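Only one structure is covered here, and it is reproduced in the block below.
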Amino acid sequence: MATVLLDRVTKRFGRVRAVDGVTLEVRDGEFMVLLGPSGCGKTTALRCVAGLERMDAGRIVIGGEDVTDRQPGRRGIAMVFQSYAVFPHMTVRDNITFGLRIRKTPAEETRQRTLQAAELLQIGELLDRYPAQLSGGQRQRVAVARAIVMQPEVLLMDEPLSNLDALLRLQMRAELKRLHRETRATTVYVTHDQVEALSLGDRIAVMRSGAIVQCDTPSAIYNRPASTFVGGFIGSPPMNFFGGTVEEGGRSVRVAGTVLGLEERWAGAEGIRAGGEVLVGVRPEAFEVTTETRAGAFPAVVVVIEPLGGTTLLTVSVDGETAKVTVAPDTDHDPGQRVWLRPLPDRLRLMEPGSGRAVIPTQEGARR
Amino acid sequence: MAAADEVPDLARAGRPRIEWLPYLLLAPSLVFLGVFFAYPLVQAFGLSFLRPEGGLTAEHFQRMLGDTYFRGAITNSLLLTAIVVPIQVAIGLVIALLVNSRFRGHLWFLYICAIPLAISDLAAGLIWLSVFTERGYLNTLLHMVGAVREPLTYLSAEQPVWLYGAIIAAEVWRATAIVMIILLAGLQLIPRDYFETADVFGAGGWRKLWHVTLPLLRPSLQTALIIRTILAFQLFATVITLSGRQVPVLAGEAYFWYGLYRNPHVASAYAVLIMGVSVVITWVYLRALRTREEEVAG
């Protein structure tokens, strides 16, 4: 196990900066998720850690040692590829032992570690099969077993679940989490799936255009997104943003003609001044929905009702803008119905309209 | 009666409708193969086994086997194939690997290596003749650097090593490119992830070649070997240009029996022999290098 440090890593492809001066420290035994839309540079960053890309600038430090100029095979890493890359001409056993054979591990140890890894991934019966005789999910397990049998200091995974069907993905997600708990290998995991990131990561580094825009625990990323981009990218449906005007020196904000009281911590925050424009960010589940007017609630019209089983999703129109609101499944709503939405004051976030950056409330600012 | 209408007509559904388009698209190739390959093949078989006045006979084969040139022809054909094909595959593989490593200028390298593809075997023979003949480039060069005073004779039966060497050089130069192209295409079909996996697990260049590249390249190696071996048995123009009949080969004998002795029956016997040997060798390759069903990349 080891820490991983990406130190001002830059990788260009022609004129495009795929990774642009990224610095990220992954703690010993941590499960770090690199999350972002396609083309944000997350896979390139991972490949820089693996040594599969030659960096234009920066260092990679693994376990305190600068490995920037080392070959991938000499970095103490193992990797699971998106395509699995399970060798078709080798049996499952030969695939799993591939790295051990290269390292000339003694036969008995190889045998034991192979059985152990196969056990852990529940592919013990498949050892003599060829990959073409396996399902996609089983091949995926072989790829993971091949990586963990190396007992790597650092395990790298590049979208390992994206080629599986939805149900299998759900299953494997839990398995990967269990596997990490059992092996405690420092893991860097790349995905574009925010649910995967939230469920797996000890921390998530959200990337956009080659840079990390926020790196924090899943709950912090979800509840306190650092920008409108993070708020919009994470969470399904994404965070709602309403245009508002600051009033009473930052003690309230006016949205859709309604005055919403703000918690005290916003008053002295940077970017909050009377008469200033702000974006008010509210998660779909962070509203109290009523059918009658009340203080701190703004009016909306129900447009679409989607029962999702566990919850019901309302698409509403607020002053001509669309917003998504989740409510309990047993509530009665009709299209065209007028409702009042009261954002829960402690779950409301403020963003600067121009930059999209989050306004940091005073206590949070002090806490950092 | 409405219910009866809803029952599908099983008889009609059971008879599949014939889709004519595929056959139509295949027709030109089939006609070509039929006229220029299947028909001559049947004819050659007929000529080699039939008496001119009718009736089956083995006398043409007996005549072929008893011919003074036969032993030399079959020995030379086998020997040249056994020497030339491995050299071609080895060099072709090295060039393909080099090109596939995408070093700076690799495309120019590829184009230059592929030039012999466009040159006919006769022309290739003439090019190498101009190198090895008494007043050829090799002697001129050796004379210029003062290595020899008198021009040496290479292409004579008294210098079998030189004679053989010249044929081998010409054949390797002429036909390595096709091996290289087939192997390069095969290499480019192997997903990059396999090589990167090998990198991550610490396999160096040789082990990567041995454990990953060559096994995954096996179908292309098989194709290249089969094509090259079959064509090596048909080796003719380069040998004739460089050696005349000093180095008899099977295809050359077929030509001489047809053109010189005006005996299409014995010529056909040679052709059938070449085909028989080709079929056997192809079968051996297919068996030895077969990719098992379960190993096919899925």
Side-chain angles (χ1 to χ4, degrees), chain A residues 43 46-47 49-53 70-92 94-105 126 128-136 138-139 142-143 146-147 149-150 152 154-160 163, chain B residues 89 93 96-97 100-107 182-183 185-226 285-298:
Chain A
T43 293
L46 188 80
R47 292 170 57 84
V49 176
L52 294 170
E53 298 287 352
R70 280 200 213 159
Q71 294 292 316
R74 299 179 178 276
R75 294 183 172 207
I77 56 158
M79 187 160 169
V80 178
F81 289 81
Q82 182 173 6
S83 65
Y84 317 146
V86 172
F87 297 120
H89 57 287
M90 295 183 198
T91 60
V92 169
D94 288 347
N95 263 289
I96 296 176
T97 58
F98 180 73
L100 296 175
R101 282 184 286 143
I102 297 283
R103 282 184 174 57
K104 300 207 162 66
T105 313
L126 308 177
D128 294 316
R129 297 228 197 140
Y130 281 92
Q133 300 167 302
L134 305 181
S135 69
Q138 288 170 328
R139 269 180 242 178
V142 175
R146 180 174 64 185
V149 81
M150 301 306 293
V154 177
L155 181 58
L156 307 176
M157 300 205 209
D158 183 11
E159 310 230 11
N163 287 348
Chain B
V89 170
L93 180 64
L97 287 169
N100 203 42
S101 74
R102 291 163 196 261
F103 63 92
R104 190 178 279 270
H106 70 277
L107 278 179
I182 293 171
L183 295 184
L187 279 175
Q188 290 177 345
L189 282 177
I190 302 175
R192 199 178 54 165
D193 285 1
Y194 290 128
F195 299 121
E196 294 189 337
T197 301
D199 284 336
V200 165
F201 287 99
W206 289 113
R207 297 183 132 188
K208 204 156 53 169
L209 181 67
W210 187 251
H211 290 297
V212 180
T213 313
L214 288 180
L216 292 173
L217 199 57
R218 198 157 52 180
S220 305
L221 279 168
Q222 196 181 47
T223 307
L225 275 172
I226 290 173
Y285 281 145
L286 288 175
R287 292 287 301 178
L289 287 171
R290 78 177 160 210
T291 311
R292 269 169 293 174
E293 187 81 28
E294 60 266 31
E295 288 178 52
V296 174

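Hydrogens, waters and symmetry mates are skipped; everything else that's a heavy atom, side chains included, is used. Quantities reported herein were computed from a predicted structural model and do not represent experimental measurements. Lettering follows sequence order; numbering is per chain, from 1.
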Chain B contact via A:Val86 - which portion, at a heavy-atom distance below 4.5 Å: backbone

Best-contacting candidate, A:Arg75, A:Arg146, A:Met79, against chain B by heavy atom pairs under 4.5 angstrom: A:Arg146

State, yes or no, whether a side-chain contact exists between B:Pro215 and A:Phe87 at a heavy-atom distance under 4.5 Å. no

Check for a donor-acceptor pair, side chain of A:Arg103 on one end and backbone N or O of B:Phe201 on the other, with a separation under 3.5 Å. yes

I'd like to verify something: which residue of A:Arg47, A:Arg129, A:Gln82, A:Arg74 has the highest number of heavy-atom pairs under 4.5 Å with chain B? A:Arg47

Heavy-atom pair with the smallest gap, counting every atom of B:Ala203 and A:Phe98: CB-CZ, 4.2 Å

Most heavy-atom pairs under 4.5 angstrom with chain B, which of A:Gly99, A:Gly51, A:Ala85? A:Ala85

For B:Arg207 and A:Ile102, indicate whether the former's side chain and the latter's backbone hold a donor-acceptor pair under 3.5 Å. yes

Who wins among A:Ala50, A:Ser83, A:Ala78 for the most heavy-atom pairs under 4.5 Å with chain B? A:Ser83

Determine whether B:Leu216 and A:His89 make a side-chain contact, defined as any pair of heavy atoms from C-beta on separated by less than 4.5 Å. yes

With a 6.0 Å cut-off (strictly less than), is the heavy-atom count around CD of A:Gln71, excluding the residue itself, greater than 12? no

